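Since the structure is predicted, the reported quantities are computational estimates derived from the model, not experimental observations. Sequence lines set the chain letters: A, B, ... in the order given, protein chains first and strands last, and positions in each chain run from 1.
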Number of protein chains: 2
Amino acid sequence: MAQTQEQRRAETRRRLLDAARTVVAERGVTGATVEAMAAAADRTSGAIYDHFDGKDGLIVALLDQWKDAATAATLDDLAHAQSPTERLRSVWANFAAPRSEDGDQWVLLEHELWLYACRQSDAHAAAAGRYAEIRARLAQGLGEGMLGDGSQPSPTDAEAAATLMIGLMVGLEMQRRLEPSAVPDRLAVLGLRALAAIEGLTGEAP
Amino acid sequence: MAQTQEQRRAETRRRLLDAARTVVAERGVTGATVEAMAAAADRTSGAIYDHFDGKDGLIVALLDQWKDAATAATLDDLAHAQSPTERLRSVWANFAAPRSEDGDQWVLLEHELWLYACRQSDAHAAAAGRYAEIRARLAQGLGEGMLGDGSQPSPTDAEAAATLMIGLMVGLEMQRRLEPSAVPDRLAVLGLRALAAIEGLTGEAP
DNA sequence: GTCTATAGATTGATAGAC
DNA sequence: GTCTATCAATCTATAGAC
């Protein structure tokens, strides 16, 4: 079955993004050469200039994709869980290993793109948006009482608690990468539970 | 006042490390060229090869320095604080901005070196050691009841709580870099307090 | 112990064939 | 729309002057 030009173009774009994800995770943004990324996609460097107008364009596209992926992944199979603790376990599992194909490389990609966004002002918004997105999703779950102890926090409290939970997950993943035994899944879930249950986050100073 | 050869050598080494810290934070490990780092230290590339046997040697030395610095910085002015909350505020302040001269660049350096350590097996131990060191320090504070609500957690519980607290601080710093208003100091301290007060971390599963 | 000069290898990007 | 060929710039690392 022959492909149309449009299909082939779409496939090349997809392949380039997939390849870039892998190569950047392996060698870092600066270390990932145009040629290496093209080769990993079974294309040559010219394709990257045609589709993304060069290396920076490809990285920015990767960053956008990474931002959009956050939306889908955060609370995916949350509906299937029963208890709040069960749901927190699911949140952590989704965050700690969103997809098995990437193995443990996604963490490296996360930090590579974060660093890139910190330095490139035109990429800043996408990265900030990613975290804001996850935060909003998590806050929604907290607001509905799905993740906490049943009480209904105010919207601002839910946002604040979500910020803490995301922070905890990111930081635990970093430590786990260097020393897996230091961060068992159970510890992460207990930490999340404690943060989800905090009250008076946005009240007056203690 | 003339310097001895030894003094001059020591100064060059210090200058190279300082310069490397700045340049790596700015451009990343891969993006930091030997020449740029030498120039920032008012030396030329030859000095780096003499002192550190090349770029990788300099990065590893930087990583060791970074590891050792953790020991000193974590609980520095902790003794001066009064209440546990006051002490947590101090821990967060120390972690969030260990020294003002570095400005906000130290966070970038932290993640650059973490990524480097994840990829280079010979640097892995130093990075893991850094976090283990901070963890132990924090756990000690928790064990002595300085940071919690006064109760004395078991040593394993204290270690576990310290892991959570470090994770939270690292993850909050990442979010704050992209969106400062999302992570006020007060929120961080409240999160730390909640984690410091967790009980039964190493008991049986819930 | 540090510098200049330079070798040798790679890089991002472009031009033109197909 | 993708590939081959290639340029100019840049990088690490070395050799030798001082």
Would you tell me whether A:Arg135 and B:Gln175 have side-chain atoms, one donor and one acceptor, within less than 3.5 Å of each other?
-> yes

Comparing A:Ala32 with B:Gly46, nearest DNA chain C nucleotide closer to 5' gives the residue B:Gly46

To the nearest angstrom, the NZ-P distance between A:Lys55 and D:dA9 comes to 19 Å

> Checking all strands, does A:Thr44 fall into the base, sugar-phosphate, or nothing category for heavy-atom contacts under 4.0 angstrom?
Replying inline: base

Rounded to whole Å, CE of B:Met37 lies from C1' of D:dT12 at a distance of 11 Å

Against the side chain of A:Arg43, the closest entry in D:dC3, C:dT2, C:dT14 is D:dC3

Rounded to whole Å, CD1 of A:Ile48 lies from C1' of D:dG1 at a distance of 14 Å

Whole-Å distance, A:Arg8 CZ to D:dT2 P, equals 6 Å

From CG of A:Asp50 across to C1' of C:dA15 the rounded distance in Å is 14 Å

Worksheet item: Do B:Glu144 and B:Arg87 sit within salt-bridge range, that is, some charged N less than 4.0 Å from a carboxylate O?
Response: no

A:Asp42 atom CG is separated from D:dG1 atom C1', nearest whole Å, by 16 Å

Among C:dG1, D:dT2, C:dA13, the one nearest any side-chain atom of A:Tyr49 is C:dA13

The nucleotide from D:dT2, C:dG12, C:dT2 with an atom nearest the side chain of A:His51 is D:dT2

Which atom pairs, donor and acceptor, lie under 3.5 Å between side-chain atoms of residues 43-54 of chain A and protein residues at least two apart or in another chain?
| unit_1 | atom_1 | unit_2 | atom_2 | d |
| --- | --- | --- | --- | --- |
| A:Arg43 | NE | A:Thr12 | OG1 | 3.1 |
| A:Arg43 | NH2 | A:Thr12 | OG1 | 3.1 |
| A:Asp50 | OD2 | A:Arg9 | NH1 | 3.0 |

B:Glu35 atom CD is separated from C:dT6 atom C1', nearest whole Å, by 12 Å

With respect to the phosphate group of C:dG12, does any side-chain polar atom (N or O) of A:Ser45 fall under 4.0 Å of OP1 or OP2? no

N/O (side chain, B:Thr12) to phosphate O (OP1/OP2, C:dT2) under 4.0 Å: yes

Here the distance between atom P of D:dT2 and atom CZ of A:Arg13, to the nearest Å, is 12 Å

Tell me whether B:His124 contacts the main-chain N or O of B:Cys118 through its side chain, where contact means a donor paired with an acceptor under 3.5 Å.
no

Quiz item: Hey, are A:Ser154 and A:Thr156 close enough side-chain-wise for a donor-acceptor pair under 3.5 Å?
Solution: yes

